[in-house]
Each structure stands twice: as C-alpha cells, then as structure tokens.
Amino acid sequence: MAYEHRDIEKKWRERWKDRGTYRVENDTSKPKYYVLDMFPYPSGAGLHVGHPLGYIASDIVARYKRHSGFNVLHPMGYDSFGLPAEQYAIQTGQHPAKTTEVNIARYREQLDNIGFSFDWSREVRTSNPDYYKWTQWIFLQLFESWYDARQDKARPIAELIARFEERGCMGQDASILTGDVEEFVGEFSAAEWKAFEERTKQMVLQHFRLAYLSDAWVNWCPALGTVLANDEVKDGVSERGGHPVERKRMPQWSMRITAYAQRLLDGLDALDWSTSMKEAQRNWIGRSEGASVRFEIKSDLTPSPSPGERGTIPGDNRFRESANSFIWSKLIERAKDMRHNPTEAEDRLWQVIRGNATGGRIRRQHIIDVFIVDFVSLPKQLVIEVDGDIHDLQTEEDALRTLRLGEEGFKVIRFRNEEVLNDPQEVKRKIIEELNARPDFNKDDVEPSDDEHSAPLPGRGAGGEVIEVFTTRPDTLFGVTFLTLAPEHDLVSSLTTDDRRAEVEAYVKTASNRSERERQAEVDKVSGVFTGSYAKHPFTGADIPVWVGDYVLAGYGTGAVMAVPGGDQRDWRFAKHFGLPIIAVTEGADIENGADESKEATICSEGFLKGLKVPDAVRRAIQELEKLNAGEGRINFRLRDAAFGRQRYWGEPIPIYYKDDIPYPLPESELPLVLPEVDKFLPTEDGEPPLARAKNWTYTPLSPGEGSGVRSSYPLETTTMPGWAGSSWYFLRYMDPKNEGRFASPEAINYWQQIDLYMGGAEHATGHLLYFRFWTKFLHDRGWLPFDEPAKKLVNQGMIQGVSRIAYKATKDFFAYELLTMIFSMRSAQDTSELVSVEDIPIVLVPVELRNRIVHGTLTPQEEATIESQLRDLTKTLQEKQPNRAGKVVSPGNHSFPVHVDISLVDPSTGALDIHLFRESSPENSGAIVLGGGTYFCRPEVEKMSKSKHNVVNPDDIITKYGADTLRLYEMFLGPLEQSKPWDTNGIEGTSRFLKKFWNLFYESDVFSVSDVAPTKEEFKTLHATLKKVTEDIEKMSFNTSVSQFMIAVNELAALKCHKRDVLEPLTVALAPFAPHIAEELWEKLGHPTSITVAKWPQWDAQYLVEDNFSYPISFNGKTRMQMEFPIALSKEEVEARVLANPEVQQRLEGKAPKKVIVVPKRIVNIVV
RNA sequence: GCCCGGGUGGUGAAAUGGUAGACACGAGGGACUUAAAAUCCCUUGGUCCGUAAGGGCUGUGCGGGUUCAAGUCCCGCCCCGGGCACCA
C-alpha cells in the first residue's frame, strides 16, 4: 500500500484533537521541561515556509522530551495587540479586534496543518481582557515600586515614603538613590517631606517609580502618530514602515529599565544564549567605565551671580541644591511655556511691573525651590501670585506652598484675577508698598536686559557653576584644550557672552531644527561655535574655552565632553576645523595627522601621569580628581529608559487616572480597565490619542471618602501600552492561563520555573528580549518569581530566505531612444514617424545577453530582424489604439530596470518565465513581449522572503503536495538550524522519497508485514547507530544530521530487506518527533492502542555498535594511500608490525626504514618516511 | 570605526586535530514502460596519465606557522552576513 500522506495526516490531526493528546497538566510527579516559541504577531499575510522553522525544531525537542519522561509545557498564543491591525483599521474602519480574530483563525489553521504538539487549551492572547488585566496589574506594581540601589532590587514605593516620613532624604540617603534621581533631588528632612504639598510629593516620587510619567525626549513618528521606543527606530526612521522620526519633548510614560542596566548585563554571563545575541544586548546596554570630571567656570570671565540670582539666600546651600535640581530641569520647560502663554491677568500685571516700574527688578515665572511662582523680586524675597479660579480648589495646597516659601525666607502675596484685570495700577501700588516694607536681602540683582531669549533663566546663574563631563579616558586630562557642550545643554545660554550671543543662538537653533536623520547623515561635517566663556582645568588651572558642537549628544553622559584632540579623533577634527590647539597625550603620537586613540599607549603629558600606561594612568587620574573633589570614577550606560506610552488605540489601556494633573493608580479591583469603543481609530482634532474619543473615559471612585461625599470623576490616561508590554511576561501566563486571581499561581510558577528552551528570531535581541528580562527581574525582586531570568537557553533559528526571480524590463527611455532610434535608423531613417509616445509602451522584457548586444551593436541580422518586426507590431497596435499620439524621442537613460516576477510564473529549475501566465498575471503585463523572441530566463536572487518580493512559498501548498511530515523533515534537513539559507522546493523530493522508503519497510507486496524474527547483528547495528546519533543530535539541536542518519538507516535496512519489528518499532519512535503523523499511523498498525507520543524513547546500546575489525587508512606522510583491515583488539605494536610486513607497504617504502610510524587505534596509521 | 558570526562541489550541506565532500538536490548515463509519471541501478570536486584495471597531481577564501597529520589550532590579510556607532 502506498504512503498516502493526505489521509494519514488528516486522520491524526483529528484524533489528536479529539483525544486531547497534547494537553498538559501541572503534574508535579514528573520532571518538567518548558519549551517556548517566541510570541507570534498574527499578521494578515499568514505564514510562509520560513516561519515554522523554529516551531518545528522546538516541537521536535518538546516531543523528544516527552518521550524521555518529562512533563513538557509547549504552549502557543498570540501577541495580538499591534500596529498593523490598527493601521488596517484606520484605512478600512474595521475594528482591529475583528481583523485580528480573522488573522488568528488563519494562523491557527496553518499551524494545525503542520502537526505541532501545542497545548491549545493554554492559548493566550495579549488583547484579551482576561490577559491584559494582568499586564495592567504588573504595570501598577511597577508604578508602585522604586529601585533601591542599596539592596540592588526593586522595593514597594510605600517603603520609600515611609523612609521619607521618618528620616527624609538626607546625607547618605540622598546618594543611595539610583541613576538620575541621585543627581537631581536635593536633600530634604522628614519635616520638609511632610510639609510638601501633594503635588510636590508626587513629583518627587515620579523620580523613583519604575513606571513613571515625565516630560521626556521621545522618538516621535508623525506618520504613525505615536512615539517609538529606541529599538523601534533604525537609522533615524521607524523600523515598521520606514517613516521619519523626530525628537520631541512631551509628557511620556517610561519604564526605568536603566535601574537594571548592570544586572541585565551581568545576567547574560550565566545564560545559554548565542554569543551574537548576548553581544547585541551588551552593545545595547553599552556600559562604559570612566570618570566624571567637573570643570569650574572661570568666575573672572563670567559675571558672578548674585545669591538672589541663584535663587538662594546667603548661606543656605540646601536651597541652591534644589534650585539646581532635576525638578528645576523639569520645571524649566514648564516655566518657559508659562512665560510664553501667560494668563490675561498675568500679562496685564507684567506690563505694569516689568523693567524698573516698581523700583526694582521683578522676575516672572521663576522657579523657587520646587515651585514656579508667578512673579518674584529676588532682592526683596517677595513672591507675587495671581490666582485663577483653579486656585479656589487649591487653597490648602496654596497655604502649604506659602508656608514652604516662607520657610525659605520668602513672603507671598496673592492677588485674584479680577483684581488685576480691574485695576492693575492698584495692584502695582500694593506691590510697591510690600516691596518697600521688606528689607533688601541683596542689592545686586541687576540684569542688563529683560529679553526672554537672551537672559539666562533665573534660578541658575552661570558663574561659580561647573560643567560636568563624562570621559572614559581621564588619563588624557592634560590634553584637554577645550570643552564642548551639546547644543541642548542647559548651560549654553548662561555661558554665552553677550558678544557671542547672536552667533550661539543661531547655531543652537539650526542644530535643534535638524532631524535625527539629518544629523546622522552629516556625521562627517564639523560644526560648532564658541560661547565666549572659559572653564578652569582642574589640574593645571588653565583657561579652557567652552564650545558648543552638535557632535556632542545631549542624551549621553552629561551632554558635555572634555575635548582631547590629541586622543580622540572627533575632538581632533573639531580642533583642526576651528584651529584649536592640539596637545599630544601619548608617546609617539602623530598629532598632525590624527588623534592617537590607542589604549596600549604611554602617557607623555607632564605631571603625575607621565610615563604611565593607559590603564594605570586612568586609575591615577581618578585618584587625583577625587583628591581635588573635581571628579570621581563613574560608570555610564547607553541604555535609556524605555518609552512606554503609545498614542494609539490598539493596545492595553494604562490603568492610571489624573487628579489635579497628578497620575494615580487605579485600584486593583478596577482591573481590567477594558479598552473602550471609539468612533474612529484616529487622534482627536486636538491631537489627543484615540482613547480621548471614548465616551466617559473617566474613573469614578465608588466609595465616597473623597472629601465632601460628592463623587468626582477623574480623567483616565489616554495613551496605551506598547507592543512589548504583553510579551514581557506571557511565558508566565502559560503556566496557569485560566487563573482569575493572579497572573499565575505560585504553585504553577514553582513547578514550571524558567523556560528551558526559548526559540525565536534574532531580530528580537534588543527589544523583546531585554524587556522580557527586565520584567522578570522586577517580578523576582518583588517576590513573585523564584528566578530572575526568564529563559535559560535561547536558540535563534536562521531565516529561510526566498529565491526571487528577477526580470529586466525595458525602461521607457531604453525603448524610445536606444531601440527605436537604433533599429529604425539602421533600417530607414525616415521611419521616425512611427515612433510612439513612450507613455504607451507595454512591458518589454529584455534578456540581459541581448541587451548587451544591442548596446554594443553586435546583434546578428536575424535578431535585428526579429526585434524590428516585434517593434513594428507594437507601434502598429499602439497607433491603431491612439492614432494621434505620434511619438517623440527622449534622451537616453538607463536601459532597463530589474523587477521581481512572481515565482509561480517561473520554472523553478531553469528560471524560464511562462510568458502566457505572465501576461495574465496583471493588466499591466498583458501586452508583454520578450525582446528578440524566445524564452525569457529570470535571474535568481536570494533575499528575504516577503510578499513584496513575490517570492513567498506557502507551507500549505507544500503540505498539500508532499504532506506535513515531509515539510517538517525537509525544513530540518535544510541545514543547521541557526543558519540562514534559501528555500529550494526542488530539494524536498529527497525527504519525500525517504518517507516513502520508510513506509515501505513495513510493507511487502503492498501488504503490511512486519516479522517477529530476531534481527541480525547488522540490522541491530544500523538501528543502534541511528538511535545513538539521533539522540545525541537532538540534544545538541543538530536536526539536519539526524535526518541524514534516518536516511542512511532506511537505505541500509532497505538493502538488507529488513522488515523486523524489533528494528522498526524503536526506529518509528525515534522518528516520531520529526514526522509525527506517519509515526502514529505505523505505530497503530504495529498494534499499539495508545499514542506514540507517550512511547518510551528507545535507548541505544553500545554492545551493538562494537566492531570486530577496523579498516585502517594507511597514510604515508599524512596522505592516505591504502586500506588495511585489522581486528580492533590488536595492539598498536601489532598493527605497526603487520602494516610494515605488508608487501605493498614495503614497495612504497622502497626498502627504506620509516622514520616513524604513528598508530592511532581505530583511527589511522601514518608512516613517516 | 568597534564587536560578533561565517567563507568547503553546480546547490543545501557533513566531518571529537586522524580517509574532505557523508546525506540530499541537481546533472549525466542506464533499466523498466508504447510513452510519461513513479521506481530502481551507475557516474558525478577539479585535473592529468591509462584501451582498461588502476594510478598521479591538486583541492575547504588568501599568505604564513604549529603538528607525524590542519577544513579544524595559532598569526596576518581579503570577502560576505549581522549588531552597535560622532556613545566621549
């Protein structure tokens, strides 16, 4: 009976489903094994043959492990939130849930066809509220956590609050806090913390939360209408769609992944992941060790600020700290904003008190401590506030604010909007009265100009300020000849001297207007400008000019560099360009021609570093910096916090509501916060994300307790989570997918633990895999997981490439100019009237060979005649269609351009194009001809398999023709799993034949016939050699060689005419992971009532592999010349003796004694002559 | 520029320092057949000598080296693929 794959595979697919063969219980009596494939996004295009490669490999391992006695978790589900479904929804108005549903159904059908052993009862979908309830829950945990650098783990934020209430944040505490927080939050006492208004407290806490809202620089993609994470941007354009991306500052949810940078790096060492994958992550995290160095700004060169200008009162250093804080840098944006958009009352008042109108300088929208005050006189320490209606609701907070400012020595006076609007002069009069009543704290608050653009923003004076830089080469400090600031650097404005101001501002403006892409494209252009200020070298005290240059990135380090043109090529180019001095820092450096960046060099600078090798000099330099308190050793990471919000519809809603613009977490009982219905999937007219369209997108707490008892509604967050949210923890949900009370029970987590084998594409190196590790570490820190890495072993399957078929189409230019003029002028020059408009030219395929001959004018007369007649025909038909459009000759250009022809129109082995099918394939091609006649052969090209390249091979087609088992075997047989390779459908014949041969071992003259006769030694040897090789190969994931071994076994057994049960039965089990359908069928025919999937894995036995004899290759000087067979048991000496006794050997030796004879038992004999 | 991979027949590829090219495709030849499909057998890295049996030389990107023996180890280069990149 012939092997009928269609019937067999259909039968077993149904049985497996009916019997629940692949259902997995959390059966803790067995050892577990967790095999997971990376979460697929169900795209509309469906699967091509490249997609299942990894699934097949992991399925083989899963099945093998099950045979070997493990309880194997091998689930599948869908990462079903995402951009493509939403883009489609915007275009068609179809709800993304609907298209996603359709795509999933299609995906599932295709997956089922291949015969995977997935336990579908555990399927998860990220877009399912039962699932994203827990994604939101994890988000809330991140929001409610901070990173305790002292314990090096995440802790509940309540602990931090308790600590603030008890001890404040002073001294050592101020330095335990991680990352940027440490620099920016000043110290505060417990009392001060308690006195902070709610807003301030929340603002401070935002700097600690692992999920936080801040004004951040983001990658904004206008075409997609959303922000993108760093890993979603490649070369300045969006990875998906290739749309331009710009830098924009906007309020943004972020994840503090940077807190985990070091642990993410360290954790890699213990993982069994490919080196390239680990390297990609290491690059992305980008740890660099070096020093931070502080350069004081020369006070005699820049005006020393008054204490008032610094926003401080003399002697109160703490105050200056806070004015110099992160909060300051956050607030400054807001302050600028508020200045540009004053309320009517503010503006009216400003007009009457600005300049010297009150007899002293008044500043507006000024930052004092953590507040932005409306107006202030610094010398008099008087704050003037104009309250809008909103303040009525905030009287309590205002009181606290007044109190707090009062503690800092400021008096606060308030006016109401109406007062100001009704009679600004009266208000002014009152202000002057107040001013006169207060003592002068400082008389120096003079500012030459009140120009908003040019004045340094108050609160931060320039003089006495320091520029902090990060360097990996503190050993080159003596080579510093200038400093360079990024154009966005906070100090640029205050460092700029008046004479340089126009130039600097113009430069900063130009730089900020350039897109990321422009900036990247022009890396070789040097540009910059001198600020006019100087800093002081910490060692030599020399004047160091401060420049601004856009080769310095605002986002890395401190946004400022110490330029060492002798030791850094970028600095060198900058110095050369602007004629700045270049000092050699290393011995033997050729500073005329470039910087010496070598790390093996010896430092030649005068002073304590002279003569030291780079690493020693680095250490020494850091010591010296620390002595002077001018810097210290520091580690910097390239990794940035991850943008978490998306201005999109089709994602998990972020469970946050706003009260007075402060984000608060929804209570857990409100989860899931279900994605609302909207009328359109587009942003609102005001540019709000689509969720803002939803009706009643507000949170109304059910319990009163909100003050008066009147229920208030609060607006909900309108951005949604990015694609990576749901996929960062899905592996946990599979362990316990139906749990309603938890993301997964502790029992399930403790049983299944980490993923033992994670299979997926290498393209996830810096996105998914990093976030996935981050969330796992976080959940571990907070005690929900006993492990802190999600996947022990990671294998990246290679890409299966497509073989595209390329045809060359004549360009219009070629047709019109090259051909027509040439051919017609060759024949008869008067015929140009027959030329047609180039617009009407149909597709003409130009064989490459022929094209070359036309260009070189070496056509045979016959070819000329053919082409001419073809062209005459063409022009004729065209003229009949459009008689009035006589042609014109256009200028010559490219002759032809390559196009992708659909591979279904091309003979796969010869590349011959079926011109009839081609003409039918699209209206555009209907009139296509092959220039010169004959068959057109398309050039093959190996490239990515994709719809747009018309080279997609659908697994369904292969399965219909050859069966799923053949497809599975062939995909594995193609080559090493991790390697990319082109798909060649022709090769599949080999594996198809193999299965037929295997099937035939169970048949004699069309009758199923397996004998119970004991196998011969030879038959056993074949069996056990195969079992050994296959077992070992599966363990090392070398599936192509196991398939080869099966082929060898079948060839040998067929030659031996072996139809014996004791050989075939174990062999069937061994084949079952690779070709489960045929194996089940034969297993049943062999008389087994239960599924082969639970059969015990056959062990190989070494005794059957023992050979009596070994055929030794006899080589002379390493070259094999002959074979001699000896018993294995023979000793080295005996082998040597017998070899030398051989007459042929003697002949080759020509009577000479060999210099040496090497005998390697069971390997080789080498005779050295 | 830096960091990872990788380079073996016409093709996909195999090879614990020990007979390079297993296994498969393709190609060529043959058998069966009226024919085709299917199946089976033989040949197949290159090259040279020989009627043949058989034999020689050469060959794993290039150039060196270590070794009795190198696709495999070491040094230097070239090329291809991937990652990162004015990252200080």
Side-chain angles (χ1 to χ4, degrees), chain A residues 2 234-235 274-288 290 293 469-474 476 484 486 519-520 522-526 549-553 555-564 567-571 573-574 597 636-639 762-763 765-766 796 798-799 803 909 940 969-970 973-976 978-994 996-997 1000 1038 1040-1048 1050-1051 1054 1111-1123 1154-1160 1162-1169:
Chain A
K234 288 257 147 70
D235 302 321
S274 69
T275 35
S276 61
M277 195 64 26
K278 291 194 201 179
E279 274 307 310
Q281 293 219 340
R282 287 193 186 107
N283 278 339
W284 194 258
I285 295 166
R287 181 184 201 268
S288 46
V293 184
V469 302
F470 173 73
T471 176
T472 55
R473 294 291 303 275
T476 62
T484 316
R519 228 166 133 160
Q520 281 183 12
E522 293 169 12
V523 284
D524 45 347
K525 273 193 195 152
V526 176
D550 71 356
Y551 79 99
V552 179
L553 303 175
Y556 185 75
T558 60
V561 299
M562 55 175 230
V564 185
D568 182 288
Q569 192 58 30
R570 291 157 308 190
D571 297 338
R573 291 201 321 157
F574 195 85
E597 296 184 327
N636 225 359
F637 293 96
R638 198 185 73 92
L639 185 73
E763 68 274 18
T766 49
N796 301 115
M799 216 189 350
V803 181
S909 44
L969 278 170
Y970 185 54
F973 183 65
L974 231 38
E978 306 198 21
Q979 212 163 294
S980 288
K981 53 245 158 183
W983 177 267
D984 174 18
T985 303
N986 286 327
I988 205 168
E989 294 287 346
T991 46
S992 173
R993 273 174 214 153
F994 156 74
K996 282 182 204 161
K997 287 190 223 170
N1000 286 332
S1038 172
N1040 55 329
T1041 50
S1042 5
V1043 178
S1044 296
Q1045 182 60 41
F1046 278 121
M1047 289 174 169
I1048 293 167
V1050 165
N1051 289 345
S1111 179
Y1112 281 94
I1114 311 300
S1115 58
F1116 292 79
N1117 292 336
K1119 286 179 183 164
T1120 308
R1121 285 291 113 102
M1122 50 192 284
Q1123 300 278 321
K1155 278 194 194 132
K1156 200 172 178 183
V1157 179
I1158 290 112
V1159 179
V1160 184
K1162 283 173 75 181
R1163 285 247 185 264
I1164 203 168
V1165 176
N1166 192 15
I1167 299 165
V1168 187
V1169 290

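Remember, it's a predicted structure, so these values are computed and weren't measured experimentally. Proteins get letters first, then strands, A, B, ... in listed order; numbering begins at 1 in each.
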Could you pull out all residues at least two apart from [X] that satisfy side-chain hydrogen bond (donor to acceptor under 3.5 Å, both in side chains)?
{"X": "A:Asn1166", "result": "A:Ser1115"}
{"X": "A:Trp284", "result": "none"}
{"X": "A:Arg1121", "result": "none"}
{"X": "A:Asn1051", "result": "A:Lys997"}

Any residue meeting side chain to side chain contact (heavy atoms under 4.5 Å, CB included) with A:Asn796, in chain and number order, not counting sequence neighbours =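 Partners of A:Asn796 by the side chain to side chain contact (heavy atoms under 4.5 Å, CB included) criterion, ordered by chain and then number, come out as A:Ser274, A:Met277, A:Ala762, A:Leu794.
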
Tell me, please, which residues at least two apart from A:Ser1111 pass side chain to side chain contact (heavy atoms under 4.5 Å, CB included).
-> A:Gln1123, A:Glu1125

Please report, rounded to the nearest Å, how far the P atom of B:G12 is from the NZ atom of A:Lys981.
->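 Rounding to the nearest Å, NZ of A:Lys981 and P of B:G12 are 12 Å apart.
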
Phosphate OP1/OP2 of B:A88 contacted by A:Arg473 side-chain N/O (<4.0 Å) | no

State whether A:Arg570 places a side-chain N or O below 4.0 Å from either non-bridging phosphate oxygen (OP1 or OP2) of B:C87.
-> yes

Give me, pair by pair, the N or O atoms of the protein and of nucleotides 23-25 of chain B that are less than 3.5 Å apart, along with how far apart they are.
from  : atom 1 : to        : atom 2 : distance (Å)
B:A24 : OP1    : A:Asn1051 : ND2    : 2.9
B:C25 : OP1    : A:Arg993  : NH1    : 2.4

Considering only side-chain heavy atoms of A:Leu974, which listed nucleotide, B:C87, B:C3, B:G12, is closest?
->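 So the nucleotide nearest the side chain must be B:G12.
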
Please list, for nucleotides 57-59 of chain B, all pairs of protein and nucleotide N/O atoms separated by less than 3.5 Å.
from  : atom 1 : to        : atom 2 : distance (Å)
B:C57 : OP2    : A:Arg1121 : NH2    : 3.4

Rounding to the closest angstrom, what is the interatomic distance between B:C2 and B:C68 at atom C1'?
-> 41 Å

With sequence neighbours left out, what residues match A:Phe574 under ring-ring contact (aromatic ring centres under 6.0 Å, His included)?
->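 For A:Phe574, the residues satisfying ring-ring contact (aromatic ring centres under 6.0 Å, His included) (neighbours in sequence not counted) are A:Phe482, A:Trp547, A:Tyr551, A:Phe578.
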
Which residues pass the ring-ring contact (aromatic ring centres under 6.0 Å, His included) test with A:Phe1046, sequence neighbours left out?
->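 In terms of ring-ring contact (aromatic ring centres under 6.0 Å, His included), with neighbours along the sequence ignored, A:Phe1046 is linked to A:Phe1074.
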
When we call it a touch if two heavy atoms are under 4.0 Å apart, what does A:Gln1123 touch: a base, just sugar-phosphate, or nothing?
->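 Counting heavy atoms under 4.0 Å across all strands, the contact made by A:Gln1123 includes a base.
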
So which protein N/O to nucleotides 67-72 of chain B N/O distances come out below 3.5 Å?
from  : atom 1 : to        : atom 2 : distance (Å)
B:C68 : O2'    : A:Asn1166 : ND2    : 3.1
B:C68 : O2     : A:Asn1166 : ND2    : 2.7

Without placing hydrogens or testing angles, list every side-chain donor-acceptor pair under 3.5 Å for residues 982-991 of chain A, not counting sequence neighbours.
from     : atom 1 : to       : atom 2 : distance (Å)
A:Trp983 : NE1    : A:Thr985 : OG1    : 2.7
A:Asp984 : OD1    : A:Asn986 : N      : 3.2
A:Glu989 : OE2    : A:Tyr962 : OH     : 3.2
A:Thr991 : OG1    : A:Ile988 : O      : 3.0

